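Working notes, beginning with the structure itself.
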Amino acid sequence: MNVTYNWLKEFVDFDETPDELAELLTMLGLEVEAMAKLGAGLDDVVVALVEEKRPHPNADKLSICRVNNGKDVLNVVCGAQNFKQGDTVALAQIGAVLPGDFKIKKSKIRGEDSCGMLCSEKELGLAEESAGIMVLPPSLAPIGTPVFSALGLKDTVFEIGLTPNRSDCLSVIGIARDIAAKLNLKLRYPQCTIVEGPEKVESIIGVTIEDPDLCPRYAARYISGCTIAPSPEWLVKRLNAIDMRSINNVVDITNLIMMESGQPLHAFDCLRLSGQRIVVRTAADGEQFTTLDNQQRVLTPADLVICDAERPVALAGVMGGLNSEIESTTTSILLESAFFKPAAVRKTSKRLGLHTESSHRFERGIDIEGVGRALDRAASLIVELAGGVLAEGCIDIYPGKSDRKAIIFRPEKANELIGIDLDRDVIIDILTRLECRVSPCADGSVAVIPPHYRIDLEREIDLIEEIARLNGYDKILATMPIARVISDRPTRHQETEKRVRDLLVNNGMTEIINFSFTAPDAAGKLLLNDDDPRRIAIKLANPLVDEQSVMRTTLLPGLLETTAKNMNFRSLDLKLFEMRRVYFPGDGEDMPREPLCIVGAITGSRDGDGWSRPNEPVDFFDAKGIVETVLDVLDIGGVSWVVENTDPYYHPGKSCRVFAGREQVGSVGELHPLVQKNFEIEKPVFCFELNFEKLVKLSRTKKTILAPSRFPDSARDIAMLIPEELAAVKILECIRAEKSKEIEHVQIFDVYRGKGVPDGYKSIAVRIRYRSFERTLAEEEIASLHKKIVTNLIDKLKVTVR
Amino acid sequence: MREQLEQLRNGALQAVATASSVEQLQDIRISMLGRKGELTALMKGLGSLSATERPIVGQLVNTVRDEIESALGAAIASAQEKVIAARLQSERIDTSLPGRRPQKGTKHPVSLVIEEICSIFSGLGFAVAEGPEIEHDWYNFEALNFPPEHPARDMQDTFFVENDMLLRTHTSPVQIRTMLKQKPPVRIIAPGTVYRCDSDATHSPMFHQIEGLMVDTKVTFGDLKGILTVFTNQLFGQKTGVRLRPSYFPFTEPSAEVDIACVICGGKGCRVCKNSGWLEILGAGMVDPEVYRHVQYDPENISGFAFGMGIERIAMLKYGISDMRLLFENDVRFLRQF
């Protein structure tokens, strides 16, 4: 809502400067989002009299003027020719700053002093182009007066961001009313005098409301014999100041009064209405109608239309029709002022994508009691500016008129909730200033009837807010609540989430956050099978773009896109993870499922480009190691790795699934080359996925801690040849199967292929550390245990000990 | 025997003085003082001396032995020192080379800010609550006093999914879910992801909010101001000015926009605060009785406040980020700075 300082002043006499007023409005909840000062910085451009004008001695096209600014007579050199001695002009004095940051300084022009500049309209930002300087009317204002004030252009435009509850402030009067209430000043409502002709309005036009639920009030007046013409300058300026375009006198008046009162008005060319009738009804399904903006609209029975005897002539509360628009030849006018049901206007406006100043106001709810007053005000102004005769009487169909109910309000409740201590009288005074009617009740409460234009005041709490607002939020002291103690330990889910995030970050990984919605083909890019549940995503009904149209069922596509994007910026050594929700449709009536997932991707060199270690690329085992660390820290028991049936986006020979007992809790692997290509990634990427929800459930919270053994250890190594297809883990399992308490640790410390190892085999070296908790192990004991293990390996796994 | 001792002493001291390594000095010790050493042999000969001579010569032997011992000790110590000095000299490294660091990862700034805010409120006794992102209209709007077809719904452009469900437009439905689950006192903070169908330089279709809710007996609007003042002071530094001004949210009344003194210019006015000296960082208010009605709380017996803020906005202010889109581009050159 745009409003100007001068316009507000017409209704209320405040002393505040524009800056002070902006602050006051903001603190009233009418937030001033922007402020434009017309003529700002131009106070030094004043009305001045050219007392003498003579040619410049050293320049043909220049003249030297003696200019009187009310205090001094100054020497000014000027290049314009369109003025003469005795003219009143606009003088920019030394120190003035013209639009475009043009500073006026004392200068010498071809040897003659020049103490200022005579300005053109263009130089003052008043016109796009101008020929010569601005010559002012002789009696405009006393010389020395700032030109902008003299022209009545000095004003400030406030752009107010209104909250949807304050429909009463969608008008200049509404805002002035709040200022008056805050400052305890009197509001001057505009006066209008109605002079009516002999012709009776009922004899000219009849109005029928077929749907009084959607149109509870419809009022109209008729004016004949008027002349459509351009609006007078004051009206044009006023509308321009708030960014409205001037159309013609009649249309401009309807807009002016709408801005002034908040009541949208519409003027029909009465001669173009058929059958001397107005019918307010809902549209027929598929009924067509061309609105003022020359757009053909197809209507539905949910749309309310204003019709003449034959056809729609306006879309109620939204926009008029081309078929009855005011034209330069129009002479008779039907002026409409009505109340349409907010929800209905909103529906139509939304469906058609047609948001107008009028629909904006009707949607939020206008003052049903103000319908007649705005109509009279506009009608009298039309007669004043466009001539013509106003028919006698006013059509006003308002069947459901009812009085507002009183709200029971307890002043002490207001104090208690806000945390202030205002006297009852002060509270009642605030309500009275808001034009509420207040009457005391026997129990100490008061009955409050809010003014009809404040449709937002319905409950006690609404009045309590008004007390806080008018008294000032700044007057409320900041206090600390007195509260009861509540146990607020984070849930296990929350604690684990933080723990895993910390862990990944402390292991060199960078957290990313991608949008929760993705492209529908994301699953396809991962080569997921047709029956993969991750192919069934929740779709958005109204996505912004196709790439963000389904809720993601896997975090991988986002991770891989991020990987590719970073690689394009030459960030080649990446360790990324994302820990966010994925979304699956619920079964039937169930809520969708939103499990938290973790994915990670690593690529590039292991240590970055360092000087101290060989620059090796990361591989599968770096990714697996991260997964192992997470499982270890969360103390997940019964971990096993399965190489079969890994997801299709992994390299089948370099991936595995990880289980805790029988539950799959994640997977790790090198990205399949085709998937790598689908995501336009140039280098191998190793990924892992973890099902966070399962991890939380399986994470053991109790740990048994053993005191370390005090006895010496003894280590034995075994080097063996095993076929390539035998998994190394089988060797570890075979050794552990011995279940000896004396085996403290088993570690694979070398894997070798090459010289001395036949094709199809690998050499594996294992170190077993023996130690007892009870005694120092004898050499023979260890030898016998170790021999048993070696025999087992040879017998069960057919290894060849080297 | 005296001359013999004298000779031995001189010879030993001479040898110690000319020895050049710890090993040579050890050899001297053995050849003199060892089990088969010269001095030891001499001492064995003491028995053949007369009872009067024995103590005198014995003492002399001891003196000579002490002398040799101490010379050897000093020489060995000095030889060892030289060895160490030589080793230290030879082992010098270029310490200006960069250290071998464990790799450092970083949390996303959104996570960092959420953690920080939760930690501040946890210190004030607020528990962390969560809720679904795909919500029913009832929790996201109706129970929060946004009736259907109400213009207030325009304040939040909504993404819809099937079955009358939507992507929550704010974290406020967590208020409803929490109050339906428990009776007062309630003190929660609810961080989460929210969605609005709006995308430009200052709006992202997905962003994050933190919701706060406190309901107890006799909680006042002044208390809201107090809690938010403490919070902003902790988040942005002591004595950050806080300003509440009237606003409107369907689920709170009275409602307020909360501004803090601009953290960039300190309130003098700059580009970031559009010369107002204030930055809008959160919305707040006293919980509307209509909301209590939906969760079966009795507004005559309890009162409370709620507030909500945008995480991205706070992250941008805290880290001086000018474009919100940077937060979701996931460029590691950006993320690794946190």
Side-chain angles (χ1 to χ4, degrees), chain A residues 26-29 163-165 343 346-347 363-364 417-419 459 461-462 464-465 468-469 473 476-481 483-484 486 488 490 494 501 504-516 538-542 544 548 562 566 569 571 574-575 581 583 591-592 594 610-612, chain B residues 97-98 100 102-108 110-111 115 122 125-128 132-134 149 151-152 154-155 159-162 185 187 193 197 199 205-206 214 216 218-223 225-227 229-230 243-248 253-254 256 286 288-289 303 328 330-333 335-336:
Chain A
T26 295
M27 291 309 285
L28 271 173
T163 52
N165 58 324
R346 180 177 148 88
K347 251 187 202 159
E363 271 180 32
R364 278 159 178 74
L417 193 76
I418 303 168
R459 304 168 298 163
I461 191 72
D462 301 327
I464 293 176
E465 179 174 60
R469 188 172 73 87
Y473 278 18
I476 301 165
L477 288 180
T479 50
M480 284 306 264
R484 285 175 272 178
I486 319 175
D488 66 342
Q494 289 162 358
R501 180 174 282 115
L504 293 172
V505 165
N506 292 339
N507 277 281
M509 306 204 71
T510 299
E511 187 188 17
I512 61 167
I513 295 182
N514 276 305
F515 284 161
S516 305
I538 296 171
K539 292 183 190 68
L540 298 189
N542 54 334
L544 284 173
Q548 299 171 2
T562 304
N566 276 292
F569 282 117
S571 300
L574 297 170
K575 288 187 169 180
R581 296 184 191 183
Y583 310 83
M591 293 282 289
E594 302 180 10
W611 57 273
S612 71
Chain B
L97 283 167
R100 208 172 283 133
Q103 277 179 45
K104 174 184 81 104
T106 47
K107 284 185 193 174
H108 193 279
V110 166
S111 296
E115 277 184 12
S122 132
F126 285 66
V128 176
E133 292 168 22
I134 302 175
E149 298 304 325
D154 287 349
M155 292 160 90
F159 282 115
F160 295 97
V161 299
E162 58 259 311
R187 249 182 350 263
T193 312
C197 48
S199 184
M206 180 187 98
M214 171 167 186
D216 206 331
K218 308 220 179 233
V219 177
T220 70
F221 199 53
D223 292 340
K225 204 170 178 177
I227 288 283
T229 304
V230 169
R243 176 176 86 164
L244 269 64
R245 57 189 161 78
S247 189
Y248 168 76
E253 186 154 10
M286 301 304 286
D288 193 288
S303 58
F328 298 111
N330 294 313
D331 189 322
V332 293
R333 294 168 301 170
L335 295 176
R336 280 177 185 156

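Letters go in sequence order (proteins before strands), and every chain restarts at 1. Just so you know, these numbers come straight off a predicted model, no measurement behind them.
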Does A/Met480 reach the side chain of B/Val230, with side-chain heavy atoms less than 4.5 Å apart? yes

Can you tell which part of B/Glu115 gets under 4.5 Å to a heavy atom of chain A, answering side chain, backbone, both or neither? side chain

With a 4.5 Å limit on heavy-atom distance, are the side chains of A/Arg459 and B/Asp288 in contact? yes

Based on non-hydrogen pairs under 4.5 Å, which of B/Thr229, B/Leu335, B/Val332 is most in contact with chain A? B/Val332

Largest heavy-atom contact set with chain B, pairs under 4.5 Å, which of A/Ala468, A/Pro481, A/Gly29: A/Pro481

Minimum side-chain heavy-atom gap B/Glu133-A/Glu594 below 4.5 Å: yes

Would you mind telling me which of A/Ile512, A/Ile513, A/Thr562 has the largest number of heavy-atom pairs within less than 4.5 Å of chain B? A/Ile513

Best-contacting candidate, B/Lys104, B/Arg245, B/Met286, B/Arg336, against chain A by heavy atom pairs under 4.5 angstrom: B/Arg245

Where the side chain of A/Glu511 meets the backbone of B/His108, is there a donor-acceptor pair that is under 3.5 Å apart? yes

Most contact-rich option vs chain B, by heavy-atom pairs under 4.5 angstrom, among A/Arg484, A/Met27, A/Gln548, A/Arg469, is A/Arg484

Select, from B/Arg333, B/Lys218, B/Met214, the one with the greatest count of heavy-atom pairs under 4.5 Å involving chain A. B/Arg333

Counting only heavy atoms closer than 4.5 Å, note whether B/Pro102 contacts chain A via side chain, backbone, both or neither. neither

Please state whether the side chain, the backbone, both or neither of A/Asn507 comes within less than 4.5 Å of a heavy atom of chain B. backbone

With a 4.5 Å cut-off on heavy-atom pairs, point out which of B/Leu244, B/Ile134, B/Val161 contacts chain A the most. B/Ile134

Whether B/Lys225 side chain and A/Tyr473 backbone form a donor-acceptor pair below 3.5 Å: yes

If one checks every heavy atom of B/Ser247 against chain A at 4.5 Å, the contacting part turns out to be both

Any side-chain heavy-atom pair from B/Leu97 and A/Trp611 closer than 4.5 angstrom? yes

Could you check whether any side-chain N or O of A/Asn566 sits under 3.5 Å from a backbone N or O of B/Asn330, counting only pairs where one atom can act as donor and the other as acceptor? yes

Which region of A/Glu363, side chain (C-beta onward) or backbone (N, CA, C, O), has a non-hydrogen atom less than 4.5 Å from a non-hydrogen atom of chain B, or is it both or neither? both

Working to the nearest 0.5 angstrom, can you tell me the gap between A/Phe515 CZ and B/Thr193 OG1? 11.0 Å

Please determine, among B/Gly125, B/Pro205, B/Ser303, the option with the most heavy-atom pairs under 4.5 Å with chain A. B/Pro205

Under a 4.5 Å cutoff for heavy-atom pairs, which residue among A/Ala343, A/Gly419, A/Gly508 has the most contacts with chain B? A/Gly508

Decide, yes or no, whether a salt bridge links B/Glu162 with A/Lys539 under the criterion of side-chain N to carboxylate O below 4.0 Å. no

Within a strict 4.5 Å, meaning less than it, do heavy atoms of the B/Pro246 and A/Thr26 side chains meet? no

Count the heavy-atom pairs under 4.5 Å between each of A/Leu540, A/Leu574, A/Ile476, A/Asn542 and chain B, then report the option with the highest count. A/Asn542

Just give me the residue among B/Ala256, B/Pro289, B/Pro185 that pairs up with chain A most often, heavy atom to heavy atom, under 4.5 Å. B/Pro185

